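Remember, it's a predicted structure, so these values are computed and weren't measured experimentally.
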Amino acid sequence: MKHKFDSKTINNRIEWIDIARGLGMIAVILGHCIIPDLLTRIIFSWHMPLFFVISGLFFRDKTFKKLSVSKFKSCIKPYIITCVAMTLLGCIKAKYYHDSIFSAFIYWIKASLYGSGGEHLFNLPHIGALWFLLAMFWGILFFHFVLKFHYPIIPILILSGIGYYTRKFWLPLSIQAGLVSVLYIYFGYILRQLNLLGLILKLQVFPVIFSLWVYGLWKGCGRLYLVNNYFGMGIYDFIHSLIAVCLILNLSYFINKLGKIVQPIRYAGENSLLFLCFHILELNLFPWYTVVHGNHVYRKIFIFKLIYIYLASYSFEKVFFIRSLFSSK
């Protein structure tokens, strides 16, 4: 079973890939709730690496100008739009709580310009999950250049090493996260180039991959935070994340065969960019844990988040103007 990604495939949706993206996006939302440690490690072992691997699967090299323009439209444009919306809503929130509107404005402008997903040097405010768009932008551009080498793995390892070992001095716009992401993009690219998807997407392979993934969790893997290039178990966490991504791809391929019953997951994958942008608005601005109380709080919040994000994304996806703002075409 071979899975070749030709030009026709690139321009049309692959449903099982949308399932994978949808699972990843739902995992991102759940991962930003206060959840048990084991569930955190389960999610973080694969959810962000998955998106970079998928980008490698679909990577088609172009001239630097065409590629940079394309990635600006698909990554930087929605980043800017969401930052503007967050700044405006942040000011409205400040007014509602009788806080300083000017301070709120400066806070979100700093967070937008710094572009970090978490707290780093100088204690500058962080933008949250939008770091992913910046890292993807840099990662794809870096990958374009490393492919010019006869042995791309050498500059990839050098760039990733720089991103990893300089993480204590975090640069603006998540450039270092982009450096490390090149490893995952390359993995996806190799899967396509060597036609290895046919091997990964076999039903009999699932128990093997699943067992390796569970064994890694048992040994302590899963503390992988690409937001600041932290790998709790070092190289073992990296290898474990590749196994986990293969597991999700395998699982998504067969889940897709369930048809309409998994359409909500598929929809989340088709609109993963909108989901991310609406998610970051509520994540940064809505005080969930001061509103929702009682038992199983994180489960309730997770459900409320999903309802809001699905409704918001569906509503805006139907508006052509808004949809065009979040399109790479």
Exercise. Under 4.5 Å between side-chain heavy atoms, hopping through other hydrophobics if needed: is there a path connecting Tyr230 to Tyr236?
Worked result: yes
Exercise. Near His98 NE2, under 6.0 Å, is it more than 12 heavy atoms from other residues, nucleotides or ligands?
Worked result: no
Exercise. If you take all heavy atoms of Thr63 and His144, which pair is closest and at what distance?
Worked result: C-CE1, 4.2 Å
Exercise. Of Asn284, Leu281, Val84, which is the lone residue that meets side chain to side chain contact (heavy atoms under 4.5 Å, CB included) with Leu89?
Worked result: Leu281
For this session: Run the ring-centre check on Phe278 versus Phe316 and record whether the distance is less than 6.0 Å.
Result: yes
For this session: Give the cluster check for Ile153 versus Ile235: same hydrophobic cluster or not, with ILVMFWY residues linked at side-chain heavy-atom distances below 4.5 Å.
Result: yes
For this session: Fit a plane to each ring of Phe275 and Tyr267, take the angle between them on a 0 to 90° scale, and name the class: parallel (under 30°), tilted (30 to 60°) or perpendicular (over 60°).
Result: perpendicular
For this session: Check whether any side-chain heavy atom of Met233 sits under 4.5 Å from a side-chain heavy atom of Arg223, and report yes or no.
Result: no
Exercise. Parallel, tilted or perpendicular: which describes the rings of Trp218 and Tyr215, with under 30° parallel and over 60° perpendicular?
Worked result: tilted
Exercise. Are Phe143 and Tyr189 close enough that their ring centers fall under 6.0 Å?
Worked result: yes
Problem set entry | Ring center gap for Phe64 and Phe145 short of 6.0 angstrom | yes
For this session: Please state whether the rings of His240 and Trp213 are parallel, tilted or perpendicular, taking 30° and 60° as the class boundaries.
Result: parallel
Exercise. Given the side-chain rings of Tyr184 and Phe238, with only the six-membered ring counted for Trp, is the space between their centroids under 6.0 Å?
Worked result: yes
For this session: Quick one: pull up CD1 in Ile43 and CD1 in Ile35 and give me the separation to the nearest 0.5 Å.
Result: 4.0 Å
